[in-house]
Amino acid sequence: FKPGQYVQFKIPETDEFRAYSIASAPSQNNALDLTVRLVPGGLCSTYIHEALDINDQIALTGPFGDFYLREDSTRSIICIGGGCGMAPIRSILHHLQEKGMPRKVMYFFGARNKKDLFFTEELFEIGRKFPNFKYIPALSEPKPYDNWTGETGLITQVVERIMPENGGTEAYLCGPPPMIDASIKVLTQKGVEE
């Protein structure tokens, strides 16, 4: 698979499939990492969280999708994610990390509050190893007990404040449709071609 693509997970004893982005690098050829949030009443996520066990056999199809790292480019990268948008971008970042982070990458990730952030330490560690990489998480509704000192506001507001204007940047966006629409507006204002 290419970093950023997804697989279809077949729910046992049904004809139903659910799409999950691959969260690992393609070089990890003996396993796939999937990041699956438990959705109350969700047919597949409930199966994965509550019934799936070690050594159970499952059926996956794929890979699928046009959302993947364009490796023929040398341009700097802006990634903007929210919620489930973490998985495919994580795959892209792990792949770039294995290549020595040859391109400049800024990753903006938006969540409501601190409990909605994940892989935080892993992403900050990538930034410590590679000066070309910067991870910028932001909370739109931090709770008092979060003791949050990072960026606040909608992730697109944070991008607007921090991202320098640069028409030579390519962007990878993954998250809720309203976030994608707002991100495209901000990136266009910053000179990124749609």
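By convention here, the first residue in the shown sequence is residue 1.
- Annotation for Lys104: atom NZ does not count as buried by contact number, only 12 or fewer foreign heavy atoms lying within 6.0 Å.
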Under 3.5 Å, sequence neighbours excluded: what are the donor-acceptor pairs made by side chains of residues 167-186?
unit_1	atom_1	unit_2	atom_2	d
Thr169	OG1	Ser76	OG	3.2
Thr169	OG1	Asn166	O	3.4
Thr169	OG1	Asn166	ND2	3.1
Glu170	OE1	Ser73	OG	2.7
Glu170	OE1	Arg75	NE	3.3
Glu170	OE1	Arg75	NH2	3.2
Glu170	OE1	Arg103	NH2	3.2
Glu170	OE2	Arg103	NH2	2.7
Glu170	OE2	Tyr172	OH	2.6
Tyr172	OH	Arg70	N	2.9
Ser183	OG	Met179	O	2.8

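- Side-chain atoms of His49 come within 3.5 Å of backbone atoms of Val36 as a donor-acceptor pair (strictly under, hydrogens ignored).
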Run the side chain to side chain contact (heavy atoms under 4.5 Å, CB included) check on Lys10 and Thr61 step by step: do they pass?
-> CA-CA 8 Å; Lys10 185 177 185 306; Thr61 59; over 6 Å; no
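- Note on Val7: it clusters hydrophobically with Phe1, by side-chain heavy-atom contacts below 4.5 Å among ILVMFWY residues.
- One distance of note links CD of Glu141 with CH2 of Trp148; it measures 14.0 Å at 0.5 Å rounding.
- With respect to Glu151 and Arg161, a salt bridge is recorded, a charged nitrogen being found less than 4.0 Å from a carboxylate O.
- For Asp56, the CG atom counts as densely surrounded, since its 6.0 Å shell holds more than 12 non-hydrogen atoms of other residues, nucleotides or ligands.
- For the pair Ser45 (side chain) and Val39 (backbone), a donor-acceptor distance under 3.5 Å is present.
- Atoms CZ and CZ, from Phe133 and Phe124 in turn, are 9.0 Å apart once rounded to the nearest 0.5 Å.
- Atoms CG and CE, from Asn132 and Met101 in turn, are 7.5 Å apart once rounded to the nearest 0.5 Å.
- Within the 4.5 Å cutoff, the side chain of Leu69 has no heavy atoms near those of the Lys99 side chain.
- Contact detail for Pro142 and Asn113: the closest heavy-atom pair is CA-CB, 4.4 Å.
- Clustering of Ile, Leu, Val, Met, Phe, Trp and Tyr by side-chain heavy atoms under 4.5 Å joins Leu154 with none of the others.
- Taken together through direct or relayed side-chain contacts under 4.5 Å among Ile, Leu, Val, Met, Phe, Trp and Tyr, Tyr47 and Leu32 form part of one hydrophobic cluster.
- Under the 4.5 Å side-chain contact rule for hydrophobic residues, Tyr20 and Ile22 share a cluster.
- Looking at every heavy atom in both residues, Glu160 comes nearest to Gln189 through OE2-OE1, 3.4 Å.
- Contact record, Ser91 with Gly4: OG-N, 3.6 Å, taken as the closest heavy-atom pair.
- The environment of CD in Glu194 is sparse: at most 12 heavy-atom neighbours from other residues, nucleotides or ligands sit within 6.0 Å.
- For the atom pair Lys2 NZ and Tyr68 OH, the distance stands at 3.5 Å (nearest 0.5 Å).
- Met163 and Ile92 fall into different hydrophobic clusters, where Ile, Leu, Val, Met, Phe, Trp and Tyr residues are linked whenever their side-chain heavy atoms come under 4.5 Å apart, directly or through other members.
- Judged purely by distance below 3.5 Å, without hydrogens or angles, the side chains of Gln28 and His94 never pair a donor atom with an acceptor atom.
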Applying side chain to side chain contact (heavy atoms under 4.5 Å, CB included), run through Ile136 and Val158 and close with a yes or a no.
-> CA-CA 9 Å; Ile136 303 147; Val158 176; 4.0 Å; yes
Phe130/Val105 under side chain to side chain contact (heavy atoms under 4.5 Å, CB included): CA gap, chis, key distance, verdict = CA-CA 10 Å; Phe130 298 97; Val105 180; over 6 Å; no
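- Summarising the geometry of Glu122 relative to Arg90, their closest heavy-atom pair is OE2-NE, 2.8 Å, with the distance given to 0.1 Å.
- Closest heavy-atom contact between Ile78 and Ile80: CG2-CG1, 3.9 Å.
- With rounding to the nearest 0.5 angstrom, the CZ atom of Phe17 is 12.5 Å from the CG atom of Leu43.
- Counting only heavy atoms from C-beta outward, the side chains of Glu50 and Leu38 approach each other to under 4.5 Å.
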Step by step, would you call Phe9 with Ile48 a side chain to side chain contact (heavy atoms under 4.5 Å, CB included)?
-> CA-CA 10 Å; Phe9 187 108; Ile48 289 171; 3.8 Å; yes
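- Tyr135 and Leu96 fall within the same hydrophobic cluster, where Ile, Leu, Val, Met, Phe, Trp and Tyr residues are linked whenever their side-chain heavy atoms come under 4.5 Å apart, directly or through other members.
- No donor-acceptor distance shorter than 3.5 angstrom exists from the side chain of Asp116 to the backbone of Ala111, with no hydrogens or angles considered.
- The shortest non-hydrogen separation linking Phe118 to Phe109 is CE2-CZ, 4.2 Å.
- Interatomic distance, OG1 of Thr46 versus CG of Leu52, reported as 12.5 Å (0.5 Å rounding).
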